[in-house]
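What follows is a single structure, written as structure tokens, with notes after it.
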Amino acid sequence: MITTQSSCNDLDEPGLIPLNDALTRILAAAPQVGGYERIAIEKARSRTLAETVTASFNVPGHTNAAVDGYALHGSDLPAAGVRVFEIAGKAYAGQPFQGVVKPGQCLRIMTGTLMPEELDTVIMQEHVEVQGNAIVIDNRHKAGQNVRNRGEDIKQGQTILHPGRGLTPPDIGLLASLGIPEINVARKLRVAIASTGDEIFSLGQTPTPGGLYDSNRYSLMAALDRPDIDIINLGIVEDRPAALLHIFEQAGRFADVIISTGGVSVGEADYTKTALQTSGQIAFWKVAIKPGRPLAFGQMGNAVFFGLPGNPVSVLVSFYLLVLPALEKMLGITNKPIAPMFQARTLEALHKKPGRTEVQRGIIAQDQSGEWTVRSTGKQGSGILSSMSQANAFIILEHHRESVRPWEWVGVQPFAGLF
Ligand code: AMP
Ligand code: MG
């Protein structure tokens, strides 16, 4: 069979690679970094665990009462009618009962209190009738109820956390419950960032006519502001091959990753590629994605290099779709947070060209029937950062998809799982 290629399509250009291919190649080339540090567990949130954690004792360490009430022998429970139990004493969390509770007796007990060996059941105080120094209970209760058994959470010897785990607040709590004050975590990833462009000005400077403030470095610093990353701020680099080469070579000595923005298209002042060809290894791709099409990817010294396009929306889209997965791989995170993707009804028509993945910006909401809907934030130009700021989700229109009519289903990815 002869297949015809769609003609006169600006997407049929040589060197244009599908988004997934770009991601696969990036992940294949991004190495996991070695090295770890020992830190206090309260500082370990979102750090990658670099050891196996095994429980050296049971949690809970002892069987204890799960409610405030009366502990007794389960075998004494009435099968029918009611039964009276004499109260033999009182026990509090941290002050266990010293005496013996005989058959037919009970013990007033508070939540968390060590259960005397001979008792196995607690009746909630709301379910008893107190009569002087005795209680009356009916036949609704089961032997063994309302106690927390020794080791029911964690058994001695059990492995509770594996290397590669990005630590969460409950993980930190688990470590504490095992009496572990410090742990080994993967060292922080060192990520160097640079903006390029003669028209780009730092905050505090006064831009000349045609100049503009550097927003890319700030959105990237914010996106990279996480406990497992050290940011190395390389500032703004002028559009001169020698200047770019100098900065990138330096950063390649101490960073794990270099991210630059701007200077990767085909204009006459786009020198990022040139600089890298001189000293590093560079693959330049046109990724079939909008926005964010040109991408320089490679190696500079010890660092993995990402040359992102200059437009502010392109920077963020390529960061979240292509750079972040690589950073997570380099950090060795095995339980990376799930950035959910689901289907929503578009409330309006969306213009789309087949042959590239389009990452449009939208506002998702649940309608009265509980259905998720999405509307566009308006103009989708790659320089319109306000439209991305207003959005709460990406609308991901797949490679082969054409324009979308109102009420069609589209894939959306909430920023809540990404940012
Ligand atoms: P370039 O890829 O260098 O041609 O830049 C593409 C567009 O993005 C140009 O209009 C630049 O002015 C703009 N741009 C580049 N870098 C930045 C930056 N750091 N902050 C804001 N806009 C930028
Ligand atoms: Mg530029």
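The structure displayed is predicted, hence computed values, not measured ones. Read the numbers this way: they start at 1 and go in the same order the structure lists the ligands and their atoms.
Those atoms of ligand 1 with a heavy atom of Leu212 less than 4.0 angstrom away are 12 (O), 21 (C), 22 (N). Annotation for ligand 1: atoms under 4.0 Å from non-hydrogen atoms of Gly263 are 1 (P), 2 (O), 3 (O). Atoms of ligand 1 lying under 4.0 Å from at least one heavy atom of Tyr213, given by number and element, are 20 (N), 21 (C).
Below 30°, between 30° and 60°, or above 60°: for Phe306 and Phe297 the angle between ring planes is between 30° and 60°, a tilted geometry. The aromatic rings of Phe305 and Phe248 lie perpendicular to each other, with more than 60° between the two planes, well past the 30° mark.
Side-chain contact between Ile289 and Leu321: present, with at least one pair of heavy atoms (C-beta onward) separated by less than 4.5 Å. Taking the side chain as every heavy atom from C-beta outward, Ser46 and Leu167 never approach each other to under 4.5 Å.
Of the possible donor and acceptor atoms, none in the side chain of Glu249 sits under 3.5 Å from a partner among the backbone N and O of His246. Of the possible donor and acceptor atoms, none in the side chain of Asn64 sits under 3.5 Å from a partner among the backbone N and O of Met115.
Residue Ser215 touches ligand 1 through backbone and side chain together, judged by heavy-atom distances below 4.0 Å. Contact annotation for Arg217 and ligand 1: no heavy atom of the residue comes within less than 4.0 Å of the ligand. If you look at Ile200 next to ligand 1, the close heavy atoms, those under 4.0 Å, all belong to the side chain.
The side-chain tip of Arg240 does not point at the ring of Tyr271 from less than 6.0 angstrom away and within 45° of straight on.
The residue among Leu308, Ile193, Asp214, Asp198 with a heavy atom at the shortest distance from atom 19 (N) of ligand 1 is Asp214. Nearest residue to atom 2 (O) of ligand 1 from Ser195, Ser260, Gly267, Gly310 is Gly310 (criterion: closest heavy atom). Between Asn216, Ile236, Leu220, it is Asn216 that holds the heavy atom closest to atom 18 (C) of ligand 1.
Not one N or O of Pro309 is nearer than 3.5 Å to an N or O of ligand 1, by distance alone.
The single protein non-hydrogen atom nearest to atom 10 (O) of ligand 1 is Asn311 OD1, 4.2 Å, given as residue, atom name and distance. In this structure, atom 11 (C) of ligand 1 lies nearest to the protein heavy atom Glu199 OE2, 3.1 Å.
Taking the six-membered ring where the residue is Trp, the centroids of Phe415 and Phe394 are separated by under 6.0 Å.
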